[in-house]
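Have a look at the structure below before the remarks.
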Amino acid sequence: MTGFQLHLTTESVTQLHPVAPLKVDESESLAAVLQKMREQKVGAVLVTKASHMTGIFTERDVLQLMAQQADLTEPISQRMKRSVVLARRCENVATAIKKMAAGGHRRLPLVDANGQPVGMITAAGVLHYLVEHFPEAVYNLPPTERSSAEREGA
Amino acid sequence: MICQACGATNFEGVDQCEACGQSLSQEMVPKSSVEAALRRDVIAQLPMRTPLTSSPDAPLGDVLTVLSTNAIGAVVITDDHHRPIGIFSERDALLRLGPDYRDHLSTPISHFMTPDPQSVDKNTPITFAVHQMDVGHYRHLPVVDDEGRVKAVISIRDLLRYLTDRIAEAELSG
């Protein structure tokens, strides 16, 4: 059986499967940004101005917009979050997980030593990292052991 | 003896776990308390918050308001017996609604939900839930009782908090 060893405090945050960030300009409209998010099926965009990151806009913000029946012609800068919790390339896996859990963030922009965004760390990437390290038998249980875990829907 | 792979109890002298087929003679000592917890813990160890539910006939606009005012990521859509038949999340709002969403605020949520969500129960191993979320790209899993009625929802955030707590315990114990 495969061993089951996590190296949460020694492995780099880059092991968490960072994805390429989708970047949009501050001046783009909400409608245009939503369209890009849908087309590329990404739950968050990094907002930039003159190539510098100035904010983040996520699907949670999209939901708020829709609940408020907001006008989508506004620029994204009016609705983005300007306070962004970052992951740094020098940090380890445990640090990134703690940052996500503490703030309830599902995504952390990954920045290099110069503060430039080079990726996006996601909660889904954390789960995938864990699954990669599970021995197969831990999750691949026979149906009798899963009970209703396999039941789908009603 | 207890199988270290799946937790099933086997009679002494058996070489192979009856439940998962793994060898019982192989030493599998977890390297840290985080790994030990992941081997041991089941869904019941996560916070069992009462889920927000909706009927499939509820208008989209009402469901969006419920999600927004409660600051949660998903509503479970249930049948008359409180069994999950769908889930509507902020992800669905992004991917299934377009810029003309205001034209559909009166449309039943059943038109926009993800049908037949994967469910777990309180005895499901956390590792299994993690695996289901990973392969199915789910962020939420309804937790159902023996009759299939939804009792809670666990989210990917709950799993991150669980991991963080276990990491903190491991650090405290040195």
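Bear in mind that the values here come from a model prediction, so they are computed numbers and not experimental data. So you know, we letter chains A, B, ... as the sequences are listed, proteins then strands, and number each from 1.
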(request) Specify which of L67(B), D134(B), T78(B), T164(B) makes the most heavy-atom pairs with chain A at under 4.5 Å. (result) D134(B)
(request) Measure distances from I167(B) to the heavy atoms of chain A and classify the residue's part below 4.5 Å as side chain, backbone, both or neither. (result) side chain
(message) Given heavy-atom pairs under 4.5 angstrom as the criterion, report whether the side chain, backbone, both or neither of T58(A) touches chain B.
(response) neither
(message) Are I109(B) and V75(B) linked, directly or through intermediate hydrophobic residues, by side-chain heavy-atom contacts shorter than 4.5 Å (ILVMFWY only)?
(response) yes
(request) Name the option with the most non-hydrogen atom pairs under 4.5 Å to chain B; the candidates are K98(A), Q64(A), R60(A). (result) R60(A)
(request) Measure I87(B) against the heavy atoms of chain A and call it side chain, backbone, both or neither at under 4.5 Å. (result) neither
(request) Identify the heavy atoms of R38(A) and R96(B) that sit nearest to each other, and give their distance. (result) NH2-C, 4.3 Å
(message) Set out, in order, the CA-CA distance, both residues' side-chain angles and the distance that settles side chain to side chain contact (heavy atoms under 4.5 Å, CB included) for L95(B) and K41(A), then state yes or no.
(response) CA-CA 7 Å; L95(B) 297 181; K41(A) 290 187 167 54; 4.2 Å; yes
(request) Could you tell me the separation between the CD atom of E35(B) and the CG atom of L130(A), rounded to the nearest 0.5 Å? (result) 10.5 Å
(message) Is V42(A) in contact with chain B via its backbone, its side chain, both, or neither, using a 4.5 Å heavy-atom distance?
(response) backbone
(request) Kindly compute the distance separating NE2 (H128(A)) from NE2 (H137(B)), expressed to the nearest 0.5 Å. (result) 9.0 Å
(message) Out of T9(A), I97(A), V126(A), L30(A), return the one with the most heavy atom pairs under 4.5 angstrom to chain B.
(response) I97(A)
(message) Which atoms of L8(A) are under 4.5 Å from chain B, going by heavy atoms: the side chain, the backbone, both sets, or neither?
(response) side chain
(message) Is R102(B) close to chain A through its backbone or its side chain, or both, or neither, when contacts mean heavy atoms under 4.5 Å?
(response) side chain
(message) According to a hydrophobic-cluster definition based on side-chain heavy atoms being under 4.5 Å apart (Ile, Leu, Val, Met, Phe, Trp, Tyr only), do L160(B) and V42(B) belong together?
(response) no
Can you give the donor-acceptor pairs under 3.5 Å from side chains of residues 51-65 of chain B to other protein atoms, not counting sequence neighbours?
residue, atom, partner, partner atom, Å
S55(B), OG, D57(B), N, 3.1
S55(B), OG, A58(B), N, 3.4
T65(B), OG1, G61(B), O, 2.9

(message) Report which part of L159(B) has an atom under 4.5 Å of a heavy atom belonging to chain A: side chain, backbone, both, or neither.
(response) side chain
(request) Consider only side-chain heavy atoms of I, L, V, M, F, W and Y, link residues closer than 4.5 Å, and tell whether V13(A) and V131(A) are in one cluster. (result) yes
(request) Can you tell which part of E39(A) gets under 4.5 Å to a heavy atom of chain B, answering side chain, backbone, both or neither? (result) neither
(message) Using heavy-atom distances under 4.5 Å, tell me whether I156(B) contacts chain A through its side chain, its backbone, both, or neither.
(response) side chain
(request) Counting only heavy atoms closer than 4.5 Å, note whether L65(A) contacts chain B via side chain, backbone, both or neither. (result) backbone
(request) Answer with side chain, backbone, both or neither: which region of R161(B) has an atom nearer than 4.5 Å to a non-hydrogen atom of chain A? (result) both
(message) Is there a path of hydrophobic side-chain contacts, each under 4.5 Å between heavy atoms, that joins L86(A) and V45(A)?
(response) no
(request) Name the region of R139(B), side chain, backbone, both or neither, that has any atom closer than 4.5 Å to a heavy atom of chain A. (result) side chain
(message) For the interface with chain B, which of G43(A), G104(A), A102(A) has the highest count of heavy-atom pairs at distances below 4.5 Å?
(response) G104(A)
(message) Run the side chain to side chain contact (heavy atoms under 4.5 Å, CB included) test on Y101(B) and L34(A) for me, step by step, so that the C-alpha distance in whole Å, both residues' side-chain angles and the decisive distance to 0.1 Å come before the verdict.
(response) CA-CA 12 Å; Y101(B) 70 96; L34(A) 256 61; 5.9 Å; no
(message) Would you say V85(A) ends up clustered with L163(B) if hydrophobic residues are merged whenever their side chains have heavy atoms under 4.5 Å apart, either directly or through other cluster members?
(response) yes
(request) Output the distance between atom CZ (F88(B)) and atom CG (L63(A)), rounded to the nearest 0.5 Å. (result) 7.0 Å
